[in-house]
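See structure below.
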Amino acid sequence: MINFEYLRVSTPKAAIEALSRDNTSQWIAGGTNLIDLMKKGVMAPQKLIDISNLPLKEIKKEGNKVHIGAMALNSDVAENELIQREQPLLSLALAAGASQQLRNMATVGGNMMQRTRCPYFYNTDLPCNKRQPGSGCGALKGFNRMHAIFGASDKCIAVHPSDMCIALAALDAMVLVNGPKGDRRIPFTDFHRLPGDTPQKDNTLERGELIIGIEIPDNPYRKNVHYLKVRDRSSYAFALVSVAAAMDLEGGTIKDARLAMGGVAHKPWRLSEVETWLKGKSVSDAVFREAAQLAMRGAKAYGQNNFKLKLAPNAIVEALKAATQKT
Amino acid sequence: MGKNFFFDRNEPVPIDRVDGRAKVTGTATYAAEYKTQQIAYGFLVGSTIAKGRIKSLDTKMAERAPGVLSVITYLNAPKLPGYQTGKDPSKPPTAGQPLRIFYDNEIFYYDQPVALVIADTFERAVHAATLVKAQYEKAVHQTELDANLSRAKVPTGPRFEDYKRGEADAYKNAPVKIEQEYHHPIEVHNPMELASIIARWEGKEQVTVYTKTQGVEATQRSIAAAFKMPLENITVNAEHIGGAFGMGLRTWPYEIACVMGAQKIGRPLKLVLHREQMFTNVGHRPETIQKIGMGATTDGKLVGLTHEAIADTSSYEEFTEATVNISRFLYACPNVTTRYRLVPLNICTPIWMRGPGEATGAFALESAMDELAFALNLDPLEFRIRNHSDTDPERNLPWSSKHVKECYEMGAEKIGWKERKLQPRALKDGDWLIGYGMGTGSFGAFRGAATVKIKLEPDGKLLLQCSVNDMGPGTATMMTSIASNEMGWPVNQIKVEMGSTNFPPGPTQGGSTVTSTVGAAVQETCTALKEKIAELAGKAGSAFQAVKAEDLKFSATGISLQKDASVKIAYNELLTKNGLAALELTRESKAKQQQSYSMYSFSVHFVKLRVHPPTGRIRIDHVVSCADAGTIVSPKTAASQMIGGVVGGIGMALMEDMVIDHRFGRPVNNNLADYHVPVNADIPPVDVLFVNKKDPHTNPMGSKGLGEIALVGVAPAVANAVFNATGKRIRSLPITPDKLME
């Protein structure tokens with residue numbers, strides 16, 4: 001048996017110290033992804049450092065920001081009154097993810113750290129550059145219906161699976177990190193990375209850096225928001241394409257907008273250019289369609305996921321329309 | 001006499017599932033849950049190639065791993081005497097050689113077991129399994145049906161030869177015709193309960209197994225054949241089954257491996273498949289490519305129907321099912337041609353999956369009926385009524401009963417069919433398109449042999465025993481219901497014991513036969529019991545001299561005279577007077593082959609759904625499923641069974657698809673996150689309507705089978721509703737959003 005040690009820590013400092021002492025160790029919080037990966041033989045940490053008891057569960061208002069502790073449960077955040085009132089897009093995205101049972105276990109930090117669901121990554125006798133650099137990308141010419149249309153490389157076309165992260169990317173969240181070399185703040189859109197030649201790296205965290213929490217700056221997106229998730233069944237399915245849309249409307253004019261997509265890239269796919277373009281435009285289907293076309297610049301499909309080239313812009317239009325119609 | 005609804009056709013009072021409490025409270029024991037001393041745990045190592053030979057096997061590391069008791073491979077496996085002839089009496093009626101586990105080094109499919117690792121804990125067995133190192137001599141595998149059509153062959157066996165009625169391919173000359181190809185992928189049964197078995201030898205001669213089978217006697221025969229043992233030395237138990245949908249219809253190699261392993265280590269052994277192995281080692285619904293040519297006169301009378309199907313099978317066995325047969329009898333059509341072919345692939349042998357071939361065939365046939373109706377500018381329901389087969393056109397026999405027209409009528413009323421427009425895209429709700437569709441299903445109504453033992457206790461408790469088991473439809477409830485009605489006893493006085501070869505022989509649970517078969521046996525045994533009670537009463541006292549069963553009123557505590565209720569005797573007194581501790585009786589009910597009628601169950605499914613064209617999302621709003629299944633013996637469990645079939649049909653229509661990466665010859669979505677079945681949120685309100693008319697010829701209750709027709713016809717109803725909503729005809733399942741978005 002592959003035995004592993006299990007250790008529980010109660011402060012972020014202790015968590016960081018414990019991890020730095022042993023480079024075969026791994027933090028575990030809700031474990032909703034790591035346990036699967038261990039069962040499948042994709043990851044085999046020799047020591048699990050349980051951080052789920054860290055005092056990082058608070059969801060609170062701090063000045064002009066909402067602060068969410070990294071260990072807050074997905075379901076608690078989704079159902080939190082402050083989040084529902086001030087950051088409803090996040091609540092909608094969370095509720096669209098996984099199943100209620102998983103959301104009851106999964107933490108905010110763990111959600112950010114979850115790995116791709118690409119089947120080639122999970123099946124250890126198949127090639128995957130993310131799991132085993134240099135072994136090739138099984139999905140490139142294989143079963144790639146779920147895969148990326150933006151920012152992929154010939155080394156990896158996997159997508160990031162989270163719904164929560166799509167909303168956080170759209171909302172300009174900030175990731176708060178403690179580490180052996182000190183504390184850092186990472187803009188959410190810089191947290192996850194594109195695969196390039198090193199798809200084994202999902203994000204920009206250094207070894208030993210611990211997510212403490214996230215901050216979402218105040219924004220006007222309290223009403224005209226929508227999270228559209230297109231999937232193969234109504235619950236417990238990953239997105240074919242998802243869109244987080246938020247608009248600040250004045251009459252029929254878009255004062256400002258936020259837009260990000262899921263299921264299309266190795267990271268939450270923020271559409272900043274489109275947001276800028278939308279600014280000052282009047283709400284109309286034609287404007288939304290043009291915005292969607294703009295969003296698709298640089299998209300590339302790989303066969304089985306060709307449909308996403310059409311589904312993605314359609315979903316953008318639908319999400320923007322739905323956000324507009326919220327009252 | 002108690003209220004006998006079978007004959008009076010009064011509305012029965014639905015009874016609750018008798019094993020419901022045990023199941024929801026977790027006290028029902030499933031195969032892997034039996035407690036046995038000194039149990040060891042097995043785990044199977046599968047091949048990583050889909051075709052070739054094992055070049056070398058290194059098991060040393062695994063054998064040395066902590067807790068490991070044995071590693072069995074073809075190199076050290078006991079030579080099973082039955083493997084020398086290879087006969088397996090429980091195998092489906094197929095040609096070929098069933099897979100002999102650990103027999104030699106040949107690999108026929110990906111994940112074929114190459115080693116069984118046995119350890120003192122499950123975790124140690126799983127870990128040691130990773131230490132078995134196999135080298136292979138790889139050969140070129142074939143797993144893609146479409147790429148191997150040139151190898152299609154006619155299966156052996158009389159039911160599957162080419163069929164012709166009237167003129168071959170006559171549809172081609174019809175004034176209005178369609179010719180289309182339909183496809184569905186491999187589906188996997190994926191019951192919640194994993195395939196599992198415990199085997200325990202008592203000495204060298206006797207073995208007891210607890211296993212997930214739909215037929216304990218079939219498993220008993222398979223083990224007997226493989227180990228060349230007398231049947232009576234083998235006890236097979238399968239009281240509760242956590243779903244099976246057909247995967248328990250044969251004895252699989254893993255079960256033989258467990259019995260073999262337990263023998264080798266001299267300890268009880270438990271072997272539970274991993275979910276991934278459920279995709280590769282216990283069968284599947286074969287992928288099919290079907291072609292339908294169908295032609296009609298301009299006034300909508302069918303002229304010709306040609307139905308061809310090509311399906312996968314394994315490279316070592318022929319698996320056949322009645323995919324095209326439904327086209328021979330469902331509609332009145334003078335010229336019918338059917339052709340059925342198999343393509344051997346490097347994949348595990350398929351096995352019947354709920355509805356089996358009829359469900360597969362009905363998807364093509366009922367989609368085509370919808371297409372031709374549209375071409376004729378006819379309501380598809382009206383088109384079906386115009387082509388209703390009043391007698392069985394295949395066998396030239398009258399139906400034992402057929403009430404499809406009543407199903408059409410009541411289903412159409414309930415779903416609101418009159419709202420449906422002939423032209424697609426005519427109904428909208430905001431951005432969503434609304435559509436209505438329907439599909440017909442049918443399945444043969446068979447009756448086999450069963451023996452039931454009944455025991456009357458002095459306190460009026462009744463015990464029924466039969467080896468039949470229950471994979472979910474509510475067999476024990478059905479038996480209780482029939483006995484309760486026949487005896488006039490309250491339900492809580494009746495207990496059923498089942499699912500073991502320790503009980504009198506019953507049928508395998510499959511093919512929608514159990515109620516007809518076992519229900520009839522329960523009824524006949526109860527009748528015999530009443531006669532016996534009357535006889536004992538005659539001996540017990542002069543007041544009952546020469547009475548017959550029909551002279552008596554039976555209650556849960558005793559009997560009285562019909563004509564004089566004051567003349568009575570309690571069962572305890574009756575038994576005591578006859579010197580009996582209890583009254584036991586066993587009766588066999590024989591299989592009845594009805595030669596002068598054609599017997600089928602029928603179903604009609606109606607679906608209302610909505611499609612969101614920009615994103616291709618589908619929401620099913622309402623399903624109405626109507627069944628002509630003769631007398632409904634246990635209304636509550638029957639309705640549940642119908643709902644379950646509808647859920648399975650929705651999965652078939654919208655989700656289920658085992659994806660094989662043909663470069664590697666292996667499935668890639670082999671888990672329940674990536675292989676989609678419906679979740680609760682996908683299922684709309686389902687109304688179940690029963691014709692509930694007694695079939696005069698099938699069996700004493702007048703029931704017909706229900707399990708299959710619950711699913712047969714659902715998928716085409718969904719596909720037809722999608723067409724009505726969107727104008728898109730999806731001929732390749734599953735209908736996922738990418739196929740519908742515009």
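Lettering follows sequence order; numbering is per chain, from 1. For the numbers below, each heavy atom of this structure counts, side chains included, while hydrogens, waters and symmetry mates do not.
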Is chain A contacted by the side chain of [X], its backbone, both, or neither, given a heavy-atom distance below 4.5 Å?
X	value
Val677(B)	both
Asn670(B)	side chain
Val659(B)	side chain
His612(B)	side chain
Arg124(B)	both
Asn671(B)	neither
Leu672(B)	backbone

- prompt: Is there any salt bridge (charged side-chain N to carboxylate O under 4.0 Å, His left out) pair reaching into residues 671-681 of chain B, and which pairs are they, with sequence neighbours excluded?
  reply: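 Sorted pair list comes back empty.
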query: Without hydrogens or angle criteria, can the side chains of Tyr227(A) and Asp163(A) be said to hold a donor-acceptor pair below 3.5 Å?
result: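 Yes - a donor-acceptor pair under 3.5 Å links their side chains.
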Side chain to side chain, [X] and [Y], heavy atoms closer than 4.5 Å:
X	Y	result
Pro613(B)	Thr726(B)	no
Leu654(B)	Pro678(B)	no
Ile254(A)	Val283(A)	yes
Cys156(A)	His266(A)	yes
Ile149(A)	Met296(A)	yes

Between [X] (side chain) and [Y] (backbone), is there a donor-acceptor pair under 3.5 Å?
X	Y	result
Arg666(B)	Thr48(B)	no
Asn144(A)	Tyr302(A)	yes
Asp111(B)	Asn281(B)	no
Gln277(B)	Leu44(B)	yes

Between side-chain atoms of residues 54-70 of chain B and protein atoms elsewhere (two or more places apart, or another chain), which donor-acceptor pairs fall under 3.5 Å?
residue	atom	partner	partner atom	Å
Asp58(B)	OD1	Lys60(B)	N	3.0
Thr59(B)	OG1	Glu63(B)	OE2	3.0

Heavy-atom distances under 4.5 Å only: say whether [X] touches chain B with side chain, backbone, both or neither.
X	result
Lys141(A)	both
Leu311(A)	both
Arg145(A)	side chain

field: Greater than 12 external heavy atoms within 6.0 Å of Leu309(A)'s CG
entry: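 Enclosed.
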Between Arg617(B), Glu123(B), Arg663(B), the one whose heavy-atom pairs under 4.5 Å with chain A are most numerous: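 With the most close heavy-atom pairs to chain A, the winner is Arg663(B).
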- request: Could you tell me which of Ala681(B), Gly616(B), Pro614(B) has the largest number of non-hydrogen atom pairs under 4.5 Å with chain A?
  value: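 Answer, by heavy-atom pair count under 4.5 Å with chain A: Pro614(B).
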query: Do any of residues 36-46 of chain A come closer than 4.5 Å to chain B, heavy atom to heavy atom, and if so which ones, in number order?
result: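 When heavy atoms of chain B are the reference, residues 36-46 of chain A contributes Lys40(A) within the under-4.5 Å range.
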query: What distance do Thr280(B) atom OG1 and His274(B) atom NE2 have between them, rounded to the nearest 0.5 Å?
result: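 Output value for this atom pair is 11.0 Å.
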message: How long is the straight-line distance from CD of Glu656(B) back to CG of Asn669(B), given to the nearest 0.5 Å?
response: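 Those atoms lie 10.5 Å apart.
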query: Between Tyr122(A), Tyr120(A), Phe238(A), which has the largest tally of heavy atom pairs under 4.5 Å with chain B?
result: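 Looking at each option in turn, the highest pair count goes to Tyr120(A).
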Between Val241(A), Asn314(A), Asn305(A), the one whose heavy-atom pairs under 4.5 Å with chain B are most numerous: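 Of the candidates given, the most pairs with chain B belong to Asn314(A).
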- prompt: Salt bridge or not for Asp429(B) and Arg619(B), using N-O below 4.0 Å?
  reply: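 So Asp429(B) does not pair with Arg619(B) through a salt bridge.
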- prompt: Taking only heavy atoms into account, what residues of residues 735-742 of chain B are found under 4.5 Å from chain A?
  reply: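 Contacts with chain A: Thr736(B), Pro737(B), Asp738(B), Met741(B), Glu742(B).
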